[in-house]
Amino acid sequence: MAAAPSQLGAFWYSSPEYKTPNIQYHVQPLSLPAFGQSLDPFNGFTASVCDLRPTSVGSIHITSKELNAHPNIQMNYLSTERDQQVAADAINITRDIVSKMNKKFNPREKRPGLNYQTKEELVKAAGDIGTTIFHPVGTCKMGLSNDSKAVVDSKLRVFGIKNLRIADCSIMPFITSGNTAAPAMLIGEKCARMILDDK
């Protein structure tokens, strides 16, 4: 229980058109339908692939003045042609890597399954089994006051509300190409310094 589930990580390219890695692998020595669900009843591993620079953009909107009212969240995963191609390519790259494994392990694909072959089928499979991997960003974008999509200014102060700042990855206009833990800490530390400087 003291170890992270992902025991192996790697950055790679979904196609030669990318000059820097655009996908990230998180490989876990376990198999399960989705995080939070029970393990599969067989030996296996999970190779999760993350698109480092997705172009699909979602939204979150307040639905009521009531504090307990749920917001309207539209994730819009895989809504651009570019993201769909990366998802399909990532599955095929993973299949190629696994095909080169030592044959004594006799690896067999459980999810999404070898019956998914065309780009359209692979995109559907990616949408069915994909998750956020806990890195959503950008819902409170930092920007200039004339930017209609900006929520906070360069000192992380919420436009139109006094004494309120936001100090997490929601202020990032775009996701970083990798994990968000370090940027989140940096944002929090920077915000703390700005608050102290303003006193």
Side-chain angles (χ1 to χ4, degrees), residues 1-32 34-36 45-60 73-98 100 111-112 122-123 125-143 147 149-156 165-194:
M1 302 304 292
S6 296
Q7 301 292 306
L8 174 68
F11 291 90
W12 198 243
Y13 308 81
S14 66
S15 81
E17 72 181 272
Y18 294 98
K19 303 294 185 236
T20 58
N22 69 304
I23 57 175
Q24 179 182 9
Y25 277 90
H26 301 86
V27 182
Q28 300 94 30
L30 50 87
S31 177
L32 70 171
F35 284 112
F45 69 93
T46 299
S48 304
V49 189
C50 171
D51 183 349
L52 293 175
R53 291 181 288 283
T55 55
S56 299
V57 177
S59 65
I60 181 169
I73 301 173
Q74 299 296 322
M75 300 305 275
N76 293 337
Y77 296 135
L78 302 174
S79 59
T80 66
E81 174 62 29
R82 180 254 175 224
D83 290 359
Q84 293 172 12
Q85 188 64 55
V86 169
D89 289 344
I91 293 172
N92 283 325
I93 290 167
T94 306
R95 286 174 170 169
D96 183 57
I97 292 169
V98 173
K100 294 174 172 59
R111 279 177 288 276
L122 293 173
V123 169
D128 289 344
I129 63 175
T131 68
T132 65
I133 67 163
F134 319 112
H135 293 171
V137 304
T139 54
C140 296
K141 175 186 173 185
M142 177 174 55
D147 181 347
K149 294 189 175 184
V151 175
V152 299
D153 65 13
S154 61
K155 289 194 170 187
L156 309 185
R165 297 185 201 229
I166 298 174
D168 59 29
C169 289
S170 66
I171 64 104
M172 296 162 56
F174 303 99
I175 193 165
T176 53
S177 297
N179 298 47
T180 55
M185 290 181 255
L186 180 144
I187 292 166
E189 183 176 329
K190 178 74 172 173
C191 185
R193 288 181 184 174
M194 290 188 290

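For clarity, every value in this text was computed on a predicted model and none was experimentally measured.
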Review point. How far does OG of S14 sit from CG of N22, to the nearest 0.5 angstrom?
Key: 3.5 Å

Exercise for review: Mind listing the closest non-hydrogen atom pair of S15 and D89 along with its distance?
Suggested key: CB-OD2, 4.3 Å

Point to revise | Residues that R53 engages under salt bridge (Lys or Arg N to Asp or Glu O under 4.0 Å), provided they are two or more places apart | key: none

Review point. Hey, what do you get for NZ (K149) to SG (C140), rounding to the nearest 0.5 Å?
Key: 14.0 Å

**Study point:** R111 side-chain N/O to L32 backbone N/O, donor-acceptor pair under 3.5 Å
**Key:** yes

Point to revise | For E81, salt bridge (Lys or Arg N to Asp or Glu O under 4.0 Å) partners two or more places apart | key: K119

Check your understanding: Which side-chain hydrogen bond (donor to acceptor under 3.5 Å, both in side chains) pairs, counting each pair once, include a residue from residues 167-176, with sequence neighbours left out?
Key -> D168-S170

Check your understanding: Rounded to the nearest 0.5 Å, how far does OG of S79 lie from CD of Q84?
Key -> 8.0 Å

Point to revise | Non-hydrogen side-chain atoms of H26 and N179 separated by less than 4.5 Å | key: yes

Check your understanding: Taking atom CD1 of I23 and atom CD1 of I93, what is their separation to the nearest 0.5 Å?
Key -> 4.5 Å

Review point. Distance from L122 atom CG to R95 atom CZ, nearest 0.5 Å?
Key: 5.5 Å

Exercise for review: Sequence neighbours left out, what passes salt bridge (Lys or Arg N to Asp or Glu O under 4.0 Å) with K19? Give chain and number order.
Suggested key: none

Review point. Looking at side-chain heavy atoms only, is the closest gap between T94 and Y25 below 4.5 Å?
Key: yes

Practice item. Going by the side chain to side chain contact (heavy atoms under 4.5 Å, CB included) test, name the single residue among I187, T139, L156, V151 that passes it with I166. Key: V151

**Study point:** Nearest non-hydrogen partners of Y18 and Y13, listed with the distance
**Key:** O-CD2, 3.4 Å

Point to revise | Short side-chain to backbone donor-acceptor contact, N76 and S56, under 3.5 Å | key: no

Practice item. Using a 4.5 Å cut-off on heavy atoms from C-beta on, say whether the side chain of I97 contacts that of W12. Key: no

**Study point:** Partners meeting salt bridge (Lys or Arg N to Asp or Glu O under 4.0 Å) with K155 (sequence neighbours left out)
**Key:** D198

Check your understanding: Taking it one step at a time, do D51 and R82 satisfy side chain to side chain contact (heavy atoms under 4.5 Å, CB included)?
Key -> CA-CA 10 Å; D51 183 349; R82 180 254 175 224; 2.5 Å; yes

**Study point:** Minimum-distance pair of heavy atoms, taken over all atoms of S177 and L52
**Key:** C-CD2, 3.8 Å

**Study point:** Side chains of P112 and D128 in contact at under 4.5 Å (non-hydrogen atoms)
**Key:** no

Point to revise | Closest approach of V123 to A88 (non-hydrogen atoms, all atoms of both residues) | key: CG2-CB, 4.5 Å

**Study point:** Which residues share a side-chain contact (heavy atoms from CB on, under 4.5 Å) with A126, sequence neighbours left out
**Key:** L78, A87, I91

Check your understanding: Hey, what do you get for NZ (K141) to CG (D147), rounding to the nearest 0.5 Å?
Key -> 3.5 Å

Point to revise | More than 12 heavy atoms of other groups within 6.0 Å of F11 CZ | key: yes

